[in-house]
Peer 1: 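What follows is a structure written as C-alpha cells; I'll ask about it next.
The analysis underlying the following values was restricted to heavy atoms, covering all of them including side chains, and did not include hydrogens, waters or symmetry mates. Along the sequence shown, residues carry numbers from 1.
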Amino acid sequence: MSQEKVDRYKAEKANRKQIMKKQKMMNMVRKAVLGVLALALVGWLGFSAYGTYQDGLPRDVVEINYDSITSYLDSL
C-alpha cells in the first residue's frame, strides 16, 4: 500500500464513529421523508376515492317556486 492509501485509511478509521453516526441519521431522515410521502399518497388516494363515490350517488332534486318573486318584480 502506498503511503497515501495508508494515510487515507487512518483518517477514515479516526472518523469512523462520526461517519457511521451521519449515515444512520441520513437513513432515518430518508425513512421519515418516505413515510410522510407514503402517508400523503394514501390520504390523497382515499380522498379521491371518496370523491368518486360521492359523485356516483344520486342527487336530491329540489323545486323552487319563483311566482311570488316574479309578481313582485312585475309590480315594480
Side-chain angles (χ1 to χ4, degrees):
M1 289 171 68
S2 66
Q3 187 63 35
E4 183 180 316
K5 286 183 181 180
V6 171
D7 291 339
R8 192 174 24 189
Y9 176 76
K10 285 183 181 180
E12 182 183 319
K13 188 174 179 182
N15 295 327
R16 190 169 289 161
K17 285 185 182 179
Q18 293 171 343
I19 293 170
M20 295 288 285
K21 191 175 185 181
K22 187 176 180 181
Q23 287 177 348
K24 284 182 183 180
M25 185 172 52
M26 289 304 294
N27 280 340
M28 288 176 61
V29 168
R30 189 176 301 121
K31 286 178 184 178
V33 168
L34 287 175
V36 168
L37 288 175
L39 186 63
L41 179 66
V42 168
W44 178 69
L45 287 173
F47 183 75
S48 296
Y50 181 73
T52 303
Y53 171 75
Q54 288 295 330
D55 288 343
L57 293 177
R59 297 181 188 230
D60 295 335
V61 177
V62 178
E63 293 184 24
I64 300 174
N65 187 356
Y66 288 109
D67 290 340
S68 59
I69 295 173
T70 306
S71 65
Y72 172 72
L73 290 175
D74 289 339
S75 67
L76 293 177

Peer 1: Take Arg8 and Lys5 through the side chain to side chain contact (heavy atoms under 4.5 Å, CB included) test and state the conclusion after the steps.
Peer 2: CA-CA 5 Å; Arg8 192 174 24 189; Lys5 286 183 181 180; 3.4 Å; yes
Peer 1: Tyr72 and Ile69: same hydrophobic cluster, using ILVMFWY side-chain contacts below 4.5 Å?
Peer 2: yes
Peer 1: About how many Å separate OH of Tyr66 and CG of Leu73, when rounded to the nearest 0.5 Å?
Peer 2: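 If I round to the nearest 0.5 Å, the distance is 12.0 Å.
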Peer 1: Do the side chains of Val42 and Phe47 join up, straight or via other hydrophobic residues, at under 4.5 Å, putting them in one cluster?
Peer 2: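 Different hydrophobic clusters.
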Peer 1: Hey, any chance Val61 and Leu57 share a hydrophobic cluster, counting ILVMFWY side chains that come within less than 4.5 Å of each other, even indirectly?
Peer 2: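 No, it is not one cluster - the side chains of Val61 and Leu57 are not joined through contacts under 4.5 Å.
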Peer 1: At what distance, to the nearest 0.5 angstrom, does CG of Leu41 lie from CG of Leu45?
Peer 2: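 It is 4.5 Å, given to the nearest 0.5 Å.
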Peer 1: Does atom CD (Glu4) have a neighbourhood of more than 12 heavy atoms from anything else shown, all under 6.0 Å?
Peer 2: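 Not buried by this count: 12 neighbours or fewer within 6.0 Å.
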Peer 1: Quick check for you: to the nearest 0.5 Å, what is the distance between Gln54 atom CD and Thr52 atom OG1?
Peer 2: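 Separation between the atoms: 10.0 Å.
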Peer 1: Without hydrogens or angle criteria, can the side chains of Gln3 and Asp7 be said to hold a donor-acceptor pair below 3.5 Å?
Peer 2: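 Present: a donor and an acceptor within the cut-off.
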Peer 1: So how far is it from Asn15 CG to Lys22 NZ, rounded to the nearest 0.5 Å?
Peer 2: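 Reported value, rounded in 0.5 Å steps: 11.0 Å.
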Peer 1: Give a yes or no on whether Arg16 atom CZ has more than 12 heavy-atom contacts from other residues, nucleotides or ligands under 6.0 Å away.
Peer 2: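 Buried by this count: over 12 neighbours within 6.0 Å.
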Peer 1: Does any part of the side chain of Leu34, heavy atoms only, come nearer than 4.5 Å to the side chain of Lys31, both counted from C-beta?
Peer 2: no
Peer 1: What distance do Arg30 atom CZ and Met28 atom CE have between them, rounded to the nearest 0.5 Å?
Peer 2: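 It comes to 12.5 Å.
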